[in-house]
Q: 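Below you will find the structure I want to go over with you.
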Amino acid sequence: MATPEDIEMLLARLAVGDRAALDGLYRLTSAKLFGICLRVLSNRAEAEDALQEVYVKIWRGAGRYRANGLSPMTWLITVARNHCIDRLRARRAASEGLETAAEQPDAAPGPEALAIRSSERARLLDCLEELPEARAAAVRLAYLQGETYADLAARFEVPLNTMRTWLRRSLLTLRECLSR
Amino acid sequence: MSGQTDPDDDRVLAGEYALGLLSPEEARAFEARMQTDPGLRAAYAGWAEDMAALTDDIDEVAPPHDMPDRIAEAIDGPTRKPGLLSKLGLSWIVPGAVLASLLAFFVVSNDLLVPDGDVPSLRAEIAAPDDSLRVTAAYDGARGQLRITRAAGQARPGRALELWLIVGEAAPVSLGVLPEGREAALAIPAEMTRKLPGAVLAISDEPPGGSPTGAPTGDVLATGQVVRQGA
């Protein structure tokens, strides 16, 4: 099991152009990041392309990873998640002309909301449980499916401003719960 | 803007940014503020850490076996063009030059120790086979500069010496014309810095002001490999 220090050391070596470090980082993290790409994109070929691009981004951006103060694994997860969300949104934008409003995605929260939790799971998941179910689902859909306020408003059949207010309140509640 | 009145606005805004809910303009404005506001940066980092927990229950999946090759190709470029040295029929020179530069490196390295032992320092001894031109290059990470010291030799009359970075089989990239003086500092763009270890530095004979084509046009006078001096 890789420690955060292992990942951090590998990132530091990446920043000075050490290709062996990229191989090491790939061995330790690619299955996790590929899982994220598959979850977000739900398409194997596209997830493979995304993963390739994610590691190129990691290679080129390793020198800047400290800039925002993220822990090394969170930085890697965030690079992968953001890149896949960008791809997903581009795909949605490209197909927007083809889809009609009649084809709304399933409004029910996915089974992951009921997933069995291990004892080490982050507090966020406990705090999400304190939110009304639909509001917790909205946070998950924004993070894992890149849904925008407009997407969420359509999905939950509420006006855009209502959705925005809901989500902002949810974030405030989450932050208060997380800092308890 | 957009009528936010909540006193916890920044914490919420950082969460919206982490979730990707801001419009492109709002996101850019947030990023600009984050540059100068450590509190905002910390608020974002907190959300990024917390939200990453949403990936905890995602199963790990092994990527296809050829993925490392695909990544390497995406980083290095798909086609490997013949390098400058082989194009000029100078491939034979490299092993000798590298060996010579390594030997020179071990001899002179004690004098060249840089005080900051934190970052492994990079340096190269760029030498002509007959030592008629000998230049040392040391990378100064703090300044993003390559410090150049010309220990022997000079440009031919009415000509200039131009320094090139050659990474693998890629086309040489000019690092600039060496000034008349023995000491010089050339700025190295950040994206080039990570290509330095193991790369070859070469000096070619060029018209005043440097190669007009962006590629070496004259003789390659000296070469040396960038080696890492342990932390």
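The sequence lines fix the lettering, A, B, ..., with proteins before strands; numbering per chain opens at 1. Predicted model only: the values in this text are computed from it and were never measured.
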Q: Nearest 0.5 angstrom please: B:I71 CD1 to A:I58 CD1, how far?
A: 8.5 Å
Q: Could you tell me which residues in residues 43-52 of chain A have at least one non-hydrogen atom under 4.5 Å from a non-hydrogen atom of chain B, sorted by residue number?
A: A:R44, A:E48, A:D49, A:L51, A:Q52
Q: Is A:V40 close to chain B through its backbone or its side chain, or both, or neither, when contacts mean heavy atoms under 4.5 Å?
A: neither
Q: A:L22 versus chain B, heavy atoms under 4.5 Å apart: side chain, backbone, both or neither?
A: side chain
Q: Return the OH to CD1 distance between A:Y55 and B:I75, rounded to the nearest 0.5 Å.
A: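 Atom-to-atom, A:Y55:OH and B:I75:CD1 are 11.0 Å apart.
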Q: Between B:L54 and A:R140, is there a side-chain heavy-atom distance shorter than 4.5 Å?
A: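 A:R140 reaches B:L54 side chain to side chain.
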Q: Which bit of B:A14 is near chain A, if near means a heavy-atom gap under 4.5 Å: side chain, backbone, both or neither?
A: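 Contact with chain A involves no heavy atom of B:A14 at all.
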Q: Which heavy atom of A:A142 sits nearest a heavy atom of B:L21, and at what distance?
A: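 Looks like CB-CD2, 4.2 Å.
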Q: Might you point out which heavy atoms bring A:F34 and B:P63 nearest each other, and give the distance in Å?
A: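 Shortest heavy-atom contact: CD2-CA, 3.6 Å.
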Q: How far does CE of A:M73 sit from CD of B:E49, to the nearest 0.5 angstrom?
A: 11.0 Å
Q: State which residues pass salt bridge (charged side-chain N to carboxylate O under 4.0 Å, His left out) with A:R27; sequence neighbours excluded, sorted by chain then number.
A: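 Salt bridge (charged side-chain N to carboxylate O under 4.0 Å, His left out) list for A:R27, sorted by chain: empty.
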Q: Test A:L172 against B:R11 for side chain to side chain contact (heavy atoms under 4.5 Å, CB included), laying out the working first.
A: CA-CA 7 Å; A:L172 204 55; B:R11 293 200 299 178; 4.2 Å; yes
Q: Measure the shortest side-chain to side-chain distance between B:M51 and A:V139 over non-hydrogen atoms and say whether it is less than 4.5 angstrom.
A: yes
Q: To the closest 0.5 Å, what do you measure between OG (A:S30) and CE (B:M67)?
A: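 Those atoms lie 9.0 Å apart.
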Q: At a 4.5 Å cut-off on heavy atoms, which part of A:Y143 comes close to chain B: side chain, backbone, both, or neither?
A: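 Both parts, heavy atoms under 4.5 Å.
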Q: A:R60: what forms a salt bridge (charged side-chain N to carboxylate O under 4.0 Å, His left out) with it, not counting sequence neighbours?
A: none
Q: Which atom names give the shortest non-hydrogen contact between A:L171 and B:G15, and what distance separates them?
A: CD1-C, 3.8 Å
Q: With a 4.5 angstrom heavy-atom cut-off, could you sort out which part of A:I36 is near chain B: side chain, backbone, both or neither?
A: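 Backbone plus side chain of A:I36, per the 4.5 Å heavy-atom cut-off to chain B.
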Q: When rounded to the nearest 0.5 angstrom, what distance separates CG in B:L19 from CD1 in A:I85?
A: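 Spacing of CG (B:L19) from CD1 (A:I85) equals 9.5 Å.
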Q: Check A:R175 with B:D50, please: is the shortest side-chain N to carboxylate O separation under 4.0 Å?
A: yes
Q: For B:A48 and A:L70, which heavy atoms make the closest approach, and how far apart are they?
A: CB-CD2, 3.6 Å
Q: Look at B:D76 together with A:R19 and state whether they make a salt bridge at an N to O cut-off of under 4.0 Å.
A: yes
Q: Checking B:A62 against chain A: side chain, backbone, both or neither under 4.5 Å from a heavy atom?
A: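 It is the backbone, since no side chain atom gets that close.
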Q: Taking A:K32 for its side chain and B:I58 for its backbone only, find out whether a donor-acceptor pair lies under 3.5 Å.
A: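 Answer holds: no.
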Q: Chain A heavy atoms under 4.5 Å from B:R41: which part of the residue, side chain, backbone, both or neither?
A: both
Q: Rounded at 0.5 Å granularity, tell me how far CG in A:L174 sits from CH2 in B:W47.
A: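 The distance works out to 5.0 Å.
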Q: For A:Y149, enumerate each residue passing the ring pair (Phe, Tyr, Trp, His ring centres under 6.0 Å) test, keeping only those at least two apart in sequence or located in another chain.
A: none
Q: Tell me, side chain or backbone of A:A15 under 4.5 Å from chain B's heavy atoms, or both, or neither?
A: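 The backbone, not the side chain.
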